[in-house]
**Student:** 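There's a structure below that I have some questions on.
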Amino acid sequence: MADEALYEFLHSELVGYVTEKSAKENKKDDLSALEYMGFSSGYRIIERLTKERPRFNDELDTVKFICTDLWSTIYKKQIDNLRTNHQGVYVLHDCAFRFLSKLSSGRQYLESAPKYVAFTCGLIRGALANLGIKCLVTAEVQNMPGCKFHIQVQRS
Amino acid sequence: MTVHNFYMFDRYGQLLFYAEWNRLRQSGITREEEAKLMYGMLFSIKSFVSRISPLDNTSGSREGFHCYRTSKYALHYMETPTGLKLVLNTDNVAVNVHELLKQIYSQVYVEYVVKNPLCNLSEPIKSDLFEAQLDAVVKQSHVFTSKPT
Amino acid sequence: MSRQGARLDAKKVNSELFTLTYGTLVSQLLKDYENVDEVNKQLERMGYNIGIRLIEDFLARTGSGRCYDFKDTAEKIQAGFRIFLGVSPTISNWGPGGDEFSLIFESNPLTEFVELPDHCLNLKYCNILAGVLRGACEMVQMEVTSWFVQDQLKGDNVTELRVKFIKRLEDAIPAGED
């Protein structure tokens, strides 16, 4: 699909803008604005994805939806592996994450990887927030283009 | 059939990338000088081709030059409308090399340089992934089937 | 609707995601800059960065050669909108010198869910498009400039982007040649 390329370019501009700005303000790699833009996009897009389907049974069911339907729609493949400790921690492993797959296959440019996963951390957090799950999302990249997203549900 | 080496220049004549496979002889000058000679030759041959053309040349001279052939090897050339120049030296029995050049442009350069925000388009290409993909595409090509005999 | 049905809608969802993400970018910029003109400039600059890369994807995809004339350019720009944004603007209002035309958009995917707040009336919400055109054309040795003449977000019936040819940029000549 042609518009995929356009979305990747737009995403790169978001990353470029936020990192340039944080460099200018001498805040080293402050990616919070990127995470926030991901959050708003995720919060809103999940409505479009879920409007036709029945309510989720539980938290795991919801996270599974993120791994399958949301991921294959937005990231063009499903999450390869989902692990959970059944106490609110979920690890989503994507072996070939879309925003890293053109960058490197290995450790070259590894230092730049956090910039290209921050938006998506926000997107996951936003999507789950709209489905009633409050959480923290971080990402871990050891070997590109693979990425592990850690979701930690916050229970009050 | 075989592929010897590959050069890629930007529209300002800067060498963006060089790779070689079965290159049996070096030119004896630095890569930098060699690239300068190559670019100068391409530039001259293009303007010659266009000036000497006996036909109405409204479609421009840029697509005019495709290859030259010696008794031992052939140089294949492709230029995109953005002024990117791709050069592939092969033995002189290789066919459809232009298809391979197009494939390198659209499946390797566009995918792994243009779509890699960490690659600055006006600097020589440093991406390992680009290099690996280029190598794979060339080696999978029918043009690259055996070592020269 | 079945889950299968929801999946088939991927194209629409992605186009909406693009629109939403662009929207969050614009609001981020409005937060970061007090001055709307600065936001317009920033959007144009981002568009330029996208344009210089997008043109290569366009060329690889379509296999197009160089433009014969500015009419040809206009048609290729129109094709680009079709490929990347799924809209077909109409080409019209050619200037007498043939160096200026308008792209008329009946609908614009960038603005699908947008309403401009009153304090942003000078915001050129879609200014990124002007930058994309400048960047893409520059890469094929053409300097163009473009600006919005009408904007649906400001109550006009259509959105009109005016594109003007400035000059052809020449190839670099290698040292020692003339």
Side-chain angles (χ1 to χ4, degrees), chain A residues 1-23 29 31 33-35 37-38 74-77 94-121 139 141-147, chain B residues 3 6-12 14-21 31 78-86 99-141 144:
Chain A
M1 214 194 321
D3 48 8
E4 281 178 25
L6 191 59
Y7 193 69
E8 281 159 26
F9 290 136
L10 180 68
H11 176 259
S12 301
E13 283 310 303
L14 259 54
V15 174
Y17 169 72
V18 169
T19 45
E20 232 173 77
K21 187 165 169 294
S22 83
D29 287 337
L31 301 176
L34 207 48
E35 205 269 354
M37 285 192 267
I74 298 177
Y75 297 102
K76 313 304 165 198
K77 64 188 283 297
D94 185 340
C95 302
F97 179 53
R98 179 179 174 192
F99 292 142
L100 298 177
S101 64
K102 305 292 169 66
L103 301 191
S104 166
S105 146
R107 303 181 64 82
Q108 192 188 23
Y109 303 127
L110 194 60
E111 70 287 355
S112 296
K115 296 191 278 184
Y116 292 93
V117 296
F119 178 85
T120 299
C121 287
V141 182
Q142 288 180 340
N143 214 8
M144 291 204 265
C147 180
Chain B
V3 173
F6 170 76
Y7 302 82
M8 184 160 175
F9 296 95
D10 70 7
R11 60 173 149 151
Y12 302 107
Q14 174 181 216
L15 182 66
L16 293 178
F17 199 79
Y18 173 82
E20 62 185 40
W21 290 272
R31 183 78 65 231
M78 170 179 147
E79 183 173 335
T80 69
T82 49
L84 206 67
K85 296 160 181 76
L86 290 82
E99 287 306 309
L100 176 58
L101 282 168
K102 270 198 219 160
Q103 205 186 345
I104 292 174
Y105 170 64
S106 62
Q107 292 171 22
V108 186
Y109 177 76
V110 171
E111 289 302 311
Y112 296 100
V113 174
V114 174
K115 295 186 185 173
N116 179 349
L118 301 172
C119 289
N120 185 328
L121 300 186
S122 53
E123 282 172 8
I125 299 163
K126 295 186 197 87
S127 160
D128 296 341
L129 185 55
F130 169 82
E131 188 173 349
Q133 294 289 333
L134 172 69
D135 191 61
V137 163
V138 169
K139 283 182 177 162
Q140 278 159 21
S141 153
F144 191 97

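Note that the structure is a prediction, hence the values are computed from the model and not measured. Letters go in sequence order (proteins before strands), and every chain restarts at 1. Side chains are part of it too, since the values below use all heavy atoms of this structure and drop only hydrogens, waters and symmetry mates.
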**Student:** So which bits of residues 109-121 of chain A come within less than 4.5 Å of chain B, counting non-hydrogen atoms only?
**Tutor:**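 Only A:Tyr109, A:Ser112, A:Tyr116 of residues 109-121 of chain A have a heavy atom under 4.5 Å from chain B.
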
**Student:** Would you please go through residues 99-108 of chain B and name the residues with a non-hydrogen atom below 4.5 Å from one of chain A, in numerical order?
**Tutor:**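 Residues in range: none.
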
**Student:** Can you list the residues that meet the salt bridge (charged side-chain N to carboxylate O under 4.0 Å, His left out) rule with A:Arg107, with sequence neighbours excluded?
**Tutor:**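 In terms of salt bridge (charged side-chain N to carboxylate O under 4.0 Å, His left out), with neighbours along the sequence ignored, A:Arg107 is linked to no residue.
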
**Student:** What distance do B:Asp128 atom CG and A:Leu103 atom CG have between them, rounded to the nearest 0.5 Å?
**Tutor:**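 Output value for this atom pair is 12.0 Å.
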
**Student:** Calculate, to the nearest 0.5 Å, the distance between atoms CD and NZ belonging to A:Glu4 and B:Lys115 respectively.
**Tutor:**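 Atom-to-atom, A:Glu4:CD and B:Lys115:NZ are 8.0 Å apart.
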
**Student:** With sequence neighbours excluded, what pairs up with B:Gln14 under the side chain to side chain contact (heavy atoms under 4.5 Å, CB included) test?
**Tutor:**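 Per chain and number, B:Gln14 pairs via side chain to side chain contact (heavy atoms under 4.5 Å, CB included) with B:Asp10, B:Leu16, B:Pro124.
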
**Student:** Indicate the atoms forming the closest heavy-atom contact of A:Gln108 with B:Leu129, along with that distance.
**Tutor:**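 Scanning both residues completely, I find the closest heavy atoms to be OE1-N, 4.2 Å.
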
**Student:** Heavy-atom cut-off 4.5 Å, strictly under: side chain, backbone, both or neither for B:Val110 against chain A?
**Tutor:**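 For B:Val110, there is no contact with chain A at all, as no heavy atom is under 4.5 Å.
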
